[in-house]
2 protein chains.
Amino acid sequence: MKISELSRRSGVSIPTIKYYLRDGLLPQGQLTTAANQADYGEEHLRRLRLIRTLVGVRRLSVSAVREILGAITEEGDLHQIFGIVIDARPATKLRKQDREETAGGDTEGVADARRLITEMGWEVSPGTAAIQTLGEVLDALSDVDAGIGWQSLLPYARLTDRISELDVKQMNGASDLLELAERAVLVSVLLEPALLALRRLAQEDKSARLFSGSPGGGETA
Amino acid sequence: MKISELSRRSGVSIPTIKYYLRDGLLPQGQLTTAANQADYGEEHLRRLRLIRTLVGVRRLSVSAVREILGAITEEGDLHQIFGIVIDARPATKLRKQDREETAGGDTEGVADARRLITEMGWEVSPGTAAIQTLGEVLDALSDVDAGIGWQSLLPYARLTDRISELDVKQMNGASDLLELAERAVLVSVLLEPALLALRRLAQEDKSARLFSGSPGGGETA
DNA sequence: GGATAACGGATCGCGCTACTATCCATTATG
DNA sequence: CATAATGGATAGTAGCGCGATCCGTTATCC
């Protein structure tokens, strides 16, 4: 398959494909006889769709995607792949707010996050970015004095625990390991916006039943 | 309070505060005697923290934040505020992939999303962005042939329904309506990354129990 | 009351990211 | 053999979230 066909079948423009090739997101095609003709396979097409999903649906930066893809192809251990995928955070460069840290180098929120993890009995690697994220949220909640501490999140944690059980159920039926890895990435990553969307829909439903004074109110650009 | 104090107490730089003032995120301070001295109150501080949360923790664009803040201050109906907050989507300018639409102007995924909503008995406004988001995810899932359709999301939907019940429980104890609105925004918005983080932690836990070949594997830069 | 520093207001510019456009020599294609 | 596509490289673009600087005015401190 030539690059033009790859572009047509994937819906990604040729310059963008070239960009991904340059940046190492997409492996080089097999160079044929001459230096200006390369051959791309179905694997490239799958990979390209995966990239577009990670960048487009979730908001991963190109560099984060590169890490994930590297993990998929190089590491054999699915748990490690998971770790990298889970660790990836959306692209941003916001300097973090000044915040005093406790002795261990953690903010108070991070410490609370660890308490929550202990309480749930979860076994996670202590450096996971998710802990930092959770800690940031707890810090922010404490800042705004919302009266929501880590204990308030325990019911949430129990529900997310059940969600993760659903997640691993979705990961059956893959033939080879590479496919399984890709599938794991998709389930973990692609369902994130779906979960948020579902929560918002459920919130809107609950909110309509509770707060709505004017029952119409359904036009948003 | 002068702008320097506002900057110190909020941790936001003066140029950034000025930028927010210019862009209408932050109401102007009360101009005092002269034209070069304005007075900011606690309300500005609270507002500033809210902005930083929306921009920093969730990834809302400045314009999206402006809409939300406008809704908070102008609309009285909490459900409408919720609608706007829920409708807000992270900043991006990715052109959407070419995708054939069915007759109604929806993609197949959006149609499936509506089926799911009907099945759940949720009452939501038909134009909510969350439906589009859900539809995109379903489209993407169908693209990669993951074998995950809208029926597979029903268990997730039931769990998110319970999550949203928790959400509304968190929204008690606010005195005035403005505070209630801000609180609602915070609960809805700030708990999003928390939920994702919790899911990732739970996934890592489940993944470790299922897939891990090498039990160490806990170092991530 | 005079120097100094901070203020509000405005304009310009920067750094980053994810691309897009253009050019080139080479080579498949009709 | 002419045309168009290809791989490869280099530059340019757009938008966003600020930061830097300048300006004239005014509080502040001695």
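Chain letters run A, B, ... following the sequence lines, proteins first, then strands; residues in each count from 1.
- Between A/Gln30 atom CD and D/dT6 atom P the separation is 18 Å, expressed in whole Å.
- Across the protein-nucleic acid pair, A/Ile14 atom CD1 and C/dC19 atom C1' stand 15 Å apart, rounded to whole Å.
- When rounded to the nearest whole Å, the span between CD of A/Glu5 and P of D/dG7 equals 12 Å.
- Following rounding to the nearest Å, A/Arg66 (CZ) and C/dC19 (C1') show an atom-to-atom distance of 14 Å.
- Residues forming a side-chain contact (heavy atoms from CB on, under 4.5 Å) with B/Pro27 (at least two apart in sequence, or on another chain): B/Glu43, B/His44, B/Arg47.
- An OP1 or OP2 oxygen of D/dC18 is reached within less than 4.0 angstrom by no side-chain nitrogen or oxygen of B/Ser13.
- Residues satisfying the side-chain hydrogen bond (donor to acceptor under 3.5 Å, both in side chains) criterion with A/Ser63, sequence neighbours excluded, are A/Ser61.
- Comment: A/Glu136 does not engage B/Arg52 in a salt bridge, judged by the lack of any side-chain N to carboxylate O separation of less than 4.0 angstrom.
- Donor-acceptor pairing under 3.5 Å is recorded for the side chains of B/Thr128 and A/Glu204.
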Check: protein-nucleotides 9-12 of chain C nitrogen or oxygen pairs below 3.5 Å:
unit_1	atom_1	unit_2	atom_2	d
C/dG9	OP2	B/Gln28	OE1	3.4
C/dG9	N7	B/Lys18	NZ	3.1
C/dG9	O6	B/Lys18	NZ	3.1

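- Side-chain proximity of B/Val62 to C/dC19, D/dG17, D/dA20: nearest is D/dG17.
- OP1 or OP2 of C/dC19 sits under 4.0 Å from a side-chain N or O of A/Tyr20.
- In this entry the distance linking CG of B/Leu60 with C1' of D/dG15 reads 17 Å, nearest Å.
- The side chain of A/Arg59 contributes no N or O atom lying less than 4.0 Å from OP1 or OP2 of C/dA18.
- For B/Ser188, the side-chain hydrogen bond (donor to acceptor under 3.5 Å, both in side chains) partners are A/Gln203, not counting sequence neighbours.
- Contacts of B/Ala157 classified as side-chain contact (heavy atoms from CB on, under 4.5 Å), with partners at least two apart in sequence or in another chain: A/Leu198, B/Leu116, B/Met120, B/Trp122, B/Thr160.
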TODO: Determine, step by step, whether B/Leu138 and B/Leu153 satisfy the side chain to side chain contact (heavy atoms under 4.5 Å, CB included) criterion, reporting the C-alpha distance in whole Å, the side-chain angles of both residues, the deciding distance to 0.1 Å, and the verdict.
DONE: CA-CA 10 Å; B/Leu138 285 168; B/Leu153 295 190; 3.8 Å; yes

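- Within the structure, every side-chain polar atom (N or O) of A/Thr16 is placed at least 4.0 Å from both OP1 and OP2 of C/dA18.
- Taking 4.0 angstrom as the limit, B/Ser4 places a side-chain polar atom (N or O) nearer than this to OP1 or OP2 of C/dC7.
- Legend: salt bridge (charged side-chain N to carboxylate O under 4.0 Å, His left out) pairs involving residues 23-32 of chain A, not counting sequence neighbours, sorted by first then second residue: A/Asp23-A/Arg66.
- Following rounding to the nearest Å, B/Ile17 (CD1) and D/dC18 (C1') show an atom-to-atom distance of 13 Å.
- Put simply, CZ on A/Arg8 is 12 Å from P on D/dA5, counting in whole angstrom units.
- Partners of A/Arg22 according to the side-chain contact (heavy atoms from CB on, under 4.5 Å) rule, which considers only residues two or more places apart in sequence or in another chain, are A/Lys18, A/Tyr19.
- Judged as a side-chain contact (heavy atoms from CB on, under 4.5 Å), and not counting sequence neighbours, the contacts of A/Glu192 are A/Arg58, B/Leu196, B/Arg199, B/Arg200.
- Contact annotation: A/Arg52 reaches the phosphate of C/dC19 (side-chain N/O to OP1 or OP2, under 4.0 Å).
- Taking atom CG on A/Leu6 and atom P on D/dT6, their separation rounds to 11 Å, with Å as the unit.
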Report all interatomic pairs (protein N or O, nucleotide N or O of nucleotides 27-30 of chain D) with separations under 3.5 Å.
unit_1	atom_1	unit_2	atom_2	d
D/dA27	OP1	B/Thr33	OG1	2.9

